[in-house]
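Remember, it's 1-based here, ligands and their atoms both numbered in the order they're listed.
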Amino acid sequence: MKLMIVVIQRQDENVLTKALVSQHIGITRVSSRGGFLREGNVTLFIVVPDHHVDDVMQTIRKHCYTRTKFVAPLPPVAESGEFYPSTPIEVQVGGATVFVVNAEVLGRA
Ligand code: 2BA
């Protein structure tokens with residue numbers, strides 16, 4: 001069995017979770033937040049047999065989109081009156097960040 005930890009953008013959540021549930025894939029969803037953008041995102045925990053990982057990846061690729069975001073860089077500690085040009089930085093987010101680890105299901109207590 002594999003545990004897939006899938007970080008997605010909120011905009012993709014509904015379509016992706018509906019697609020996975022319709023394929024009888026079990027999901028646990030938690031609200032999360034990226035350390036870099038500090039924006040809300042969603043993390044899904046999905047445990048599947050090894051041979052289902054590719055199917056889940058295909059569904060994730062189909063429903064999760066890459067989006068461009070702009071972040072204002074944090075200004076360095078500036079002297080008062082000092083000009084600091086805050087040009088926003090462009091970052092690409094997603095489609096999804098996926099981690100896959102071995103899992104053992106011990107049963108339900
Ligand atoms: P965030 O940490 O908010 O990152 C959002 C996007 O900002 C990232 O998109 C990446 O394009 C960029 N980014 C992140 N850290 C950066 C840095 N130190 N310098 C420059 N740009 C940086 P994604 O790679 O698609 O990641 C989307 C979200 O997935 C992340 O949101 C985070 O919540 C999660 N994630 C990504 N890599 C991870 C990792 N190695 N471990 C745990 N979570 C991760």
Side-chain angles (χ1 to χ4, degrees):
M1 300 292 276
K2 298 286 187 218
L3 164 63
M4 303 179 73
I5 303 165
V6 183
V7 185
I8 59 170
Q9 295 174 74
R10 281 183 171 165
Q11 296 98 312
D12 298 325
E13 178 192 356
N14 281 342
V15 182
L16 177 62
T17 54
K18 271 185 196 160
L20 292 170
V21 168
S22 73
Q23 292 166 36
H24 306 283
I25 308 267
I27 298 167
T28 295
R29 172 230 190 264
V30 295
S31 291
S32 47
R33 191 169 69 163
F36 187 68
L37 293 180
R38 295 170 184 228
E39 279 185 6
N41 52 26
V42 171
T43 300
L44 304 177
F45 294 92
I46 304 169
V47 174
V48 285
D50 292 19
H51 62 277
H52 281 180
V53 169
D54 287 345
D55 296 339
V56 174
M57 283 305 301
Q58 217 176 321
T59 305
I60 291 169
R61 285 198 185 96
K62 187 171 168 190
H63 296 294
C64 295
Y65 293 91
T66 300
R67 295 181 180 88
T68 302
K69 305 244 168 145
F70 292 90
V71 210
L74 288 174
V77 180
E79 297 298 322
S80 64
E82 199 176 328
F83 174 71
Y84 176 71
S86 59
T87 313
I89 303 168
E90 184 180 319
V91 286
Q92 301 287 319
V93 187
T97 302
V98 182
F99 307 97
V100 180
V101 294
N102 290 323
E104 193 177 346
V105 180
L106 295 177
R108 297 184 169 93

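Here the straight-line distance linking atom OG1 of T17 with atom NE2 of H63 works out to 10.0 Å at 0.5 Å rounding.
Checking side-chain atoms of T66 against main-chain N and O of G95 turns up a donor-acceptor pair under 3.5 Å. Q9 places a side-chain N or O within donor-acceptor distance of the main-chain N or O of V93, the cut-off being under 3.5 Å.
Every residue meeting the side-chain contact (heavy atoms from CB on, under 4.5 Å) condition with S32, not counting sequence neighbours, appears here in chain and number order: N41, T43. A search for side-chain contact (heavy atoms from CB on, under 4.5 Å) contacts involving Y65 returns D12, R67, not counting sequence neighbours. Take E39 and apply the side-chain contact (heavy atoms from CB on, under 4.5 Å) test, not counting sequence neighbours, and it matches L37, K69.
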Enumerate, one pair per line, all nitrogen or oxygen atoms of ligand 1 lying under 3.5 Å from a protein nitrogen or oxygen, stating the separation to 0.1 Å; write 'none' if no such pair exists.
from: ligand 1; atom 1: 2 (O); to: G35; atom 2: N; distance (Å): 3.2
from: ligand 1; atom 1: 2 (O); to: F36; atom 2: N; distance (Å): 2.9
from: ligand 1; atom 1: 3 (O); to: L37; atom 2: N; distance (Å): 2.8
from: ligand 1; atom 1: 9 (O); to: Q92; atom 2: O; distance (Å): 3.4
from: ligand 1; atom 1: 11 (O); to: Q92; atom 2: O; distance (Å): 2.6
from: ligand 1; atom 1: 25 (O); to: G94; atom 2: N; distance (Å): 2.7
from: ligand 1; atom 1: 26 (O); to: T97; atom 2: OG1; distance (Å): 3.4
from: ligand 1; atom 1: 29 (O); to: T97; atom 2: OG1; distance (Å): 3.2
from: ligand 1; atom 1: 33 (O); to: N41; atom 2: ND2; distance (Å): 3.0

